[in-house]
Amino acid sequence: MRIQRLLVNLCGGLPGQLVMDHLALRLPHAGIVSRYLHRLHSCRRSCIYLPGRRLSSRVVVACGDGGIHDLIEDDWDGKDSGANLEDEFDPFSVCKKYPSIIIGSSPTIELYDGTTSFSSAATQSCWGFPPAAVDADWGVPNRLCNAWSSLSVSLEEEKSSSQLPMEESVASLLPDEPMPVVIGSLDSSVVEEESLDEVDAESDSVAASVEMILDRPISSLPGLTKRQRHLLEKNDFHTIRKLLNHFPRTYADLQNAHIGIQDGQYLISVGRILSSRGIRAGSSFSFLEVVVSCQIADDKSTWEHMNGDLDEKEKKTIYLHLKKFFRGTRFTSQSFLRILQEKHRVGDIVCVSGKVKSMSSEDHYEIREYNIDVLEDEEDSSLCTAGRPYPIYPSKGGLNPTFIRDVIQRALQTLSFGVDPIPKDVTQELGILGLRDAYMGIHQPKNIYEADSARKRLIFDEFFYLQLGRLFQMLEGLGTEIEKVGLLDKYRKPEMSSTYVKEWSSLTQKFLKTLPYDLTTSQLSAVSEIISDLRRPVPMNRLLQGDVGCGKTVVAFLACMEVIGSGYQAAFMVPTELLAIQHHEHLLDLLEKLDIESRPSVALLTGGTPSKQSRVIREGLQTGEISIVIGTHSLIAERIEFSALRIAVVDEQHRFGVVQRGRFNSKLYYNSVSSRTAAAHLDDPSRGDANMAPHVLAMSATPIPRTLALALYGDMSMTQITDLPPGRIPVETHVIEGNEQGFQEMYKMMLDELEAGGKIYLVYPVIEQSEQLPQLRAASADLEDISQRFKDYNCGLLHGKMKSDEKDEALRRFRSGDTNILLSTQVIEIGVDVPDASMMVVMNAERFGMAQLHQLRGRVGRGVRKSRCILLASTVGSLTRLKVLENSTDGFHLANMDLLLRGPGDLLGKRQSGHLPEFPIARLEIDGNVLQDAHHAVLKVLGSSHDLERYPGLKVELSMRQPLCPLGD
Ligand SMILES: Nc1ncnc2c1ncn2[C@@H]1O[C@H](COP(=O)(O)OP(=O)(O)OP(=O)(O)O)[C@@H](O)[C@H]1O
């Protein structure tokens, strides 16, 4: 009874029985309890009980000078009361001696998903001090119990948290010097009040123009302390935009508290505020505790009952304790605490969400990262509880997610409706959200659909500005309105342009006649389309796409002939020397049949071209003696100058980075200026545009899904070759597990093929065996073994490290039939054309992407002979993925699959994907339709205002966004 009285005194009328219950649960040992309570009483503090390794020091903080040492010293057998208790105190002995002192049995307190540590033990210890609460409302049953239970931290927890590095923890938010820092959620009203004087004066002077809102510095956010601002800036949140573009990584599926609640569950519930208390927890700590009571179905009730009205008997009340912690002396002032607690009105109906942790008392739960929304009335509740997604943010530096969430929410408040630079008619027509709604929706969605719509709008922006920037740049480069209209028309109706064969130049027509085959329908229409473009006064920028072996090269040759026939020059750039040589030989072969007068002069220029010869070629290009040059990127070397360059063909376009592509373009533009003189003498329909930049025809044999192509080459028109030359027999593909049995099977198939007169490519992932990856088969290492195994046949080796003439020789021998088996790396992947090669074996096939394997497979089946491709998989797990190749020969389908399964990076390879624009939230593989929408919107906007004068907001926005790398760079 004495204890009870004491407590009643101490707590200002707290129902004694409850306190007694709690004490009975925690500290029944009479001696301890009495001394303990005495201490509490004397220091006018309450609570205590954060045991752990440093229990004693915590108690000092909580109780006053003596702490628990005073309480236990008499019972501390064998210890000298004068000894240094800080060093000698052993909480485990205490527990043993007083079993009722529960160390580590309380629910673990988990702030910030367990990554928390605190810079001060005191911070950890002072979770709750009820008597120090300002105007505490003690009407809530079990209040003290819960406050007390929240003081418990398990030893394990403490141990682990104390070991965490500072950067990973909220400690990074804590000041080194005594500065007010909010632990847990940043309470806007409170911090505003305390820190207004600390906010830089510069924030006042920030321009508040609508366009600038997003790009205002972070310091313009009201209520940030210098320290917080510095932390945000240090973590790259320099502007409001940067902050708002820190999108949630995912959303937790908040569950309504219908039946049962589990620790760690993200819960959403509607209830009534029972109390709101600002509590001083120590000389420099305080916290806010808001208790909300919610009605949920009793565990005994079934889920079905929930669909109807619950009987009162089937309901039970749970208490959610929402807590926010503050550190800093100024946070402990009475006025601060009063403001803090007055933020929430007792009796308000609120919707609460967050991750719950059960407290020691039944039906009491603690939420430390929470959202709380006041509802107009209870009717609102259905809306709020219908699964409101709870944003989970990616970590950034050492900032704690709650801090980020709260600053973002504050930034959202600063957004006005006029923040959207995209015209309303565009957003309305496409049915997408306005920008403000999108930011609201992504950061504070009411439901998952809202989050999805918001995401769609933000993805739209990513694509929209990318394409707008590109097209805007192109339009800016054009002189007249007619040209601009023409350019936009071309993007709007790309299918319109084509020319009849009889309109082609005589050289092109002659060349066509020399071909040993007829063009396929697709090839023919591709050439028509390209030639039609070549006649326009606007530089062509076209991507020619087609599946492996569909015959793109000849289409490009015909385009070259067209400009050469008009007296200009053509350049044909390929990514490998091997391919340059092959194309050069192929073209010479085709030109053989032309009469000598019409035959244009052809040159080959690669890194391997002897310097004397390359000087002659450079001179020939400069004087105009050479009409077409085929080469690698040595064609864009500084010293190369053309006399009258009109078309640049970039084969395997995606193998070149955008920068290289751009250098080529600018080079072409620069040199084409000198082509004016040449053009003046020719009877050419486009001679009036002699100072125009040359046309660019890019080719890609990796079928790039349209979405990806648009993102990569949004500035390009596209032509597709959709059919294969007649007579092609689809390659038969077999996926075999690369075990002993699989290898024997493979050798047997190889032997059969060789005996039937076929030629075989053996493709390896690496040249040399490596110690790091011993499971990978290596081309050089296998040469001897394969030669031994197939003694009656000749084997050759081809890889990227060989000298260019060695490579050339190896391929020549294979083509001529001197070698029957070519062991090679993926150097042959691009464009190598040996029509009678009839079998390919790919070792460690799982190492290759699907599109890449399809490309490799395309090296066989290019003639009339039936061909086979064997994919040896060294991991069982990869068999399913590879089997897709067994069933499909459609490059576009496979590329799409690759894009979905491995993303654009793997589809395009490192080099090109490095040049992919960065899309923070868009995923090319699934957001293709948004990309299309953005494309149409850009055409609409630029169509109505070529120079964007009608849309000043868009112009500003464009300039604020990352500058695009123009193709001419
Ligand atoms: N219309 C056609 N009829 C028959 N054969 C053709 C036709 N067009 C091209 N070919 C032949 O098909 C083979 C492949 O052509 P080409 O090398 O141009 O294809 P590609 O599309 O560039 O292939 P890759 O994507 O593998 O580089 C060549 O041997 C070529 O001579």
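Remember, it's 1-based here, ligands and their atoms both numbered in the order they're listed. Note that these values count all heavy atoms, side chains included, but never hydrogens, waters or copies made by symmetry.
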Which is it for [X] and ligand 1 at heavy atoms under 4.0 Å: side chain, backbone, both or neither?
X	value
Gln545	neither
Asp518	backbone
Gln855	neither
Met699	neither

Write down the atom of [X], the atom of [Y], and the distance for their closest heavy-atom approach.
X	Y	value
Ala873	Ser878	CB-OG, 3.6 Å
Leu872	Met746	CD1-CE, 3.5 Å
His695	Met540	ND1-N, 2.8 Å

To the nearest 0.5 Å, atom CD1 of Ile736 lies from atom OG of Ser874 at 13.5 Å

Distance col, row Glu562:CD vs Gln509:CD, nearest 0.5 angstrom, shows 8.5 Å

Item checked: Beyond-backbone contact of His854 with Asp547, side-chain heavy atoms, under 4.5 angstrom -> yes

**Prompt:** Going by heavy atoms in the side chains, are Asp782 and Leu762 under 4.5 Å from each other?
**Reply:** no

Short side-chain donor-acceptor distance under 3.5 Å, Glu577 and Thr606: yes

_Could you check whether Arg646 and Ser566, counting side-chain N and O atoms only, form a donor-acceptor pair closer than 3.5 Å?_
no

Would you say [X] contacts ligand 1, with heavy atoms under 4.0 Å as the rule?
X	result
Gly546	no
Arg728	yes
Gly858	no

Heavy atoms only: which of [options] is nearest to [atom]?
atom	options	answer
atom 19 (O) of ligand 1	Ser522, Pro726, Gly551	Gly551
atom 28 (C) of ligand 1	Asp833, Val554, Val548, Val555	Asp833
atom 16 (P) of ligand 1	Leu590, Leu579, Thr553	Thr553

From the list Ile828, Val827, Leu822, Val841, side chain to side chain contact (heavy atoms under 4.5 Å, CB included) partner of Val763 resolves to Ile828

At a 4.0 Å threshold, what atoms of ligand 1 neighbour a non-hydrogen atom of [X]?
X	answer
Pro725	2 (C), 3 (N), 4 (C), 5 (N), 6 (C), 7 (C), 8 (N)
Arg859	24 (P), 26 (O)
Thr520	1 (N)

Problem - Gly549-ligand 1 polar pair, N/O distance under 3.5 Å - result: yes

Min N/O separation Cys550 to ligand 1 under 3.5 Å:
yes

